K.L.:
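Pasting a structure below so you can have a look.
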Amino acid sequence: MHMNRKRLLGLVCALGLAIPIVSGEAAPGKVKPKVKASYPKAGVLVWTKVAARTAPSRKAPLVKVLEQFRPDYRPTAVLAVGEARDKKGIRWVKISMPMRPNGKFGWVKAVALQLHPVHKRMVIDRSARTLTLMKDGKRLFTTRVAVGKPGAETPLGRFYLAAAFKATAPVLGEYAFETSAYSNLSEWPGGGIIGIHGTPNPELLGQAVSHGCIRISNPAALRLKRAAPVGTPVSIIA
């Protein structure tokens, strides 16, 4: 049976439109638009050692060599905030450095990392004494916190959750997080690493009483355990 001319023309047109879609090729004379990478992203190191530098170039000064695993054998978590390419076209990623001084960044080769987009972020308001967890710009929940006392103030800036663990010391409550921020007190455990953790003394919430860490209620800590994965960005504001 012969197709009529109208049906044949329709079939040819349909096939002509389908070919670029299946092959993934752009139409002649047209250039594919570049997709802009979205940041921040969180992830881990896939190389044993990764050199972080001051600029996206292997000739730039060294900031620090990162190890694939932490001293406690957990993977080293990173937060990436942007990317660039060097003169040879090699892609580099800008990461937040978990070290003193606070607010330091480093550039590492993109192939040394395994990253994924992050949709949640934590905002700690030091003056209001609150912690708010957000997802895609929408508030999930807010809880009261205790912050650092005078002389040991909780530092301001942009950080991230570097680790999470079930607390064994009663002072840390039911659950705790390690951040990439550091306290003014370098002699504090871990060299002064700022933590976010539960507390056996909820009556102190809303006050400035800690050595820089952020204390939250035990129910809030357990809620964050489920809702805030390692790599979550943390903004501490005045």
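Since this is a predicted model, take the numbers as computed values, not measurements.
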K.L.:
Could you tell me whether Arg223 and Glu174 make a salt bridge, using a distance below 4.0 angstrom between a side-chain N and a carboxylate O?
P.N.:
no
K.L.:
Please find the pair of heavy atoms, one from Gly173 and one from Pro200, that lie closest to each other, and give the distance.
P.N.:
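That closest heavy-atom pairing would be N-CD, 4.4 Å.
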K.L.:
Could you give me the CA-CA distance, side-chain angles and deciding distance for Phe105 and Ser96, then say whether side chain to side chain contact (heavy atoms under 4.5 Å, CB included) is met?
P.N.:
CA-CA 5 Å; Phe105 293 91; Ser96 176; 4.1 Å; yes
K.L.:
Please report the interatomic distance NZ(Lys135) to CG(Leu133), rounded to the nearest 0.5 Å.
P.N.:
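That separation rounds to 10.0 Å.
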K.L.:
Given 3.5 Å as the limit, does a donor-acceptor pair link the side chain of Glu153 with the main chain of Gly151, or not?
P.N.:
yes
K.L.:
Go through the structure and list residues passing ring-ring contact (aromatic ring centres under 6.0 Å, His included) with Tyr175, not counting sequence neighbours.
P.N.:
Phe177
K.L.:
Going from CG on Asn201 to OG on Ser217, what distance comes out if it is rounded to the nearest 0.5 angstrom?
P.N.:
12.5 Å
K.L.:
What do you reckon, is NZ of Lys120 surrounded by more than 12 foreign heavy atoms closer than 6.0 Å?
P.N.:
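Yes - once you tally the heavy atoms of other residues, nucleotides and ligands closer than 6.0 Å, there are more than 12.
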K.L.:
Taking atom CD of Gln68 as the centre, report whether more than 12 heavy atoms of other residues, nucleotides or ligands fall under 6.0 Å from it.
P.N.:
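Yes.
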K.L.:
For Lys49 and Glu67, work out which heavy atoms get closest and say how close.
P.N.:
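So the minimum-distance heavy-atom pair works out to NZ-OE2, 2.6 Å.
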K.L.:
Quick check against the 3.5 Å criterion: does Asp86 have a side-chain atom that pairs as donor or acceptor with the backbone of Ile90?
P.N.:
yes
K.L.:
Would you tabulate the side-chain donor-acceptor contacts of residues 225-238 under 3.5 Å, counting partners in other chains and residues two or more places apart, or write 'none'?
P.N.:
{"unit_1": "Arg226", "atom_1": "NH1", "unit_2": "Leu222", "atom_2": "O", "d": "3.4"}
{"unit_1": "Thr232", "atom_1": "OG1", "unit_2": "Pro229", "atom_2": "O", "d": "2.6"}

K.L.:
Flag yes if Leu115 and Val111 sit in one hydrophobic cluster, no otherwise; membership is Ile, Leu, Val, Met, Phe, Trp, Tyr, and two members link when side-chain heavy atoms are under 4.5 Å apart.
P.N.:
yes
K.L.:
Would you say Ser210's side chain and Val147's backbone share a donor-acceptor pair under 3.5 angstrom?
P.N.:
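Side chain of Ser210 to backbone of Val147: a pair is present.
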K.L.:
Contact between Leu205 and Arg215 at the side-chain level, heavy atoms closer than 4.5 Å - yes or no?
P.N.:
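Contact flag for Leu205/Arg215 side chains = yes.
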K.L.:
At what distance, to the nearest 0.5 angstrom, does CD1 of Ile124 lie from OG1 of Thr130?
P.N.:
9.0 Å
K.L.:
Do you know which of Ile196, Thr132, Leu140, Thr179 makes side chain to side chain contact (heavy atoms under 4.5 Å, CB included) with Met122?
P.N.:
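Of all the options given, the one that passes is Ile196.
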K.L.:
At their closest point, which heavy atom of Thr154 faces which heavy atom of Gly212, and how far apart are they?
P.N.:
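Thr154 and Gly212 have their closest heavy atoms at OG1-O, 2.8 Å.
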K.L.:
If hydrophobic clusters are built by linking Ile, Leu, Val, Met, Phe, Trp and Tyr wherever their side-chain heavy atoms come under 4.5 Å apart, do Leu161 and Val118 end up in the same one?
P.N.:
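Leu161 does not cluster with Val118.
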K.L.:
Could you tell me whether Lys166 atom NZ has more than 12 heavy atoms of other residues or ligands within 6.0 Å of it?
P.N.:
yes
K.L.:
Is Met99 reachable from Ile194 through a run of I, L, V, M, F, W or Y residues, each pair having side-chain heavy atoms under 4.5 Å apart?
P.N.:
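In one cluster: no.
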K.L.:
How many angstroms lie between CZ in Arg58 and CH2 in Trp92, if you round to the nearest 0.5 Å?
P.N.:
8.5 Å
K.L.:
Using side chain to side chain contact (heavy atoms under 4.5 Å, CB included), reason through Arg126 and Leu156 one step at a time and then give a plain yes or no.
P.N.:
CA-CA 8 Å; Arg126 202 171 66 178; Leu156 304 177; 3.6 Å; yes
K.L.:
Considering only heavy atoms from C-beta outward, does the side chain of Met134 approach that of Arg139 to under 4.5 Å?
P.N.:
yes
K.L.:
Where is the tightest heavy-atom contact between Ala162 and Ser180, given as atom of each residue plus distance?
P.N.:
CB-N, 4.4 Å
K.L.:
If we only count heavy atoms from C-beta on, is the Ile193 to Glu178 side-chain gap below 4.5 Å?
P.N.:
yes
K.L.:
Between Leu113 and Val93, does a side chain to side chain contact (heavy atoms under 4.5 Å, CB included) hold up when you go through it step by step?
P.N.:
CA-CA 9 Å; Leu113 307 177; Val93 175; 4.2 Å; yes
K.L.:
Flag the pair Ile95 / Leu66 as yes when at least one side-chain heavy-atom distance between them is below 4.5 Å, and no otherwise.
P.N.:
yes
K.L.:
Table please: side-chain donor-acceptor pairs of residues 39-47 below 3.5 Å, with sequence neighbours left out.
P.N.:
{"unit_1": "Tyr39", "atom_1": "OH", "unit_2": "Glu83", "atom_2": "OE1", "d": "2.6"}

K.L.:
Check whether Asn102 reaches the backbone of Tyr182 with its side chain - one donor and one acceptor, N or O, closer than 3.5 Å.
P.N.:
yes
K.L.:
Hey, mind stepping through Val81 and Lys94 against side chain to side chain contact (heavy atoms under 4.5 Å, CB included) and telling me if it holds?
P.N.:
CA-CA 6 Å; Val81 298; Lys94 185 179 182 180; 3.9 Å; yes
K.L.:
Keeping Arg91 on the side-chain end and Lys109 on the backbone end, is there a donor-acceptor pair under 3.5 Å?
P.N.:
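It does not hold such a pair.
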K.L.:
Assigning hydrophobic clusters by single linkage (Ile, Leu, Val, Met, Phe, Trp, Tyr; side-chain heavy-atom cutoff under 4.5 Å), is Leu79 placed with Trp107?
P.N.:
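Not linked; separate clusters.
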K.L.:
Looking at OG1 of Thr199 and CG of Leu172, how far apart are the two atoms once the value is rounded to the nearest 0.5 Å?
P.N.:
9.0 Å
K.L.:
Sub-3.5 Å donor-acceptor pair from the side chain of Ser183 to the main-chain atoms of His211, do we have one?
P.N.:
yes
K.L.:
Considering all heavy atoms of both residues, which atom of Gly192 and which atom of Arg100 are nearest to each other, and what is their separation?
P.N.:
CA-NH2, 3.8 Å
K.L.:
Cation-pi check for Phe69 against Arg74: NZ or CZ below 6.0 Å from the six-membered ring centre and within 45 degrees of the axis, yes or no?
P.N.:
no
K.L.:
After noting the C-alpha distance and the side-chain angles of Arg70 and Asp72, does the key distance pass the salt bridge (charged side-chain N to carboxylate O under 4.0 Å, His left out) rule?
P.N.:
CA-CA 5 Å; Arg70 296 157 40 97; Asp72 59 9; 2.8 Å; yes
K.L.:
Can you tell me how far CG of Leu224 sits from NE2 of His197, rounded to the nearest 0.5 angstrom?
P.N.:
13.0 Å
K.L.:
Do you know the tightest heavy-atom contact between Thr54 and Ala60?
P.N.:
OG1-CB, 3.7 Å
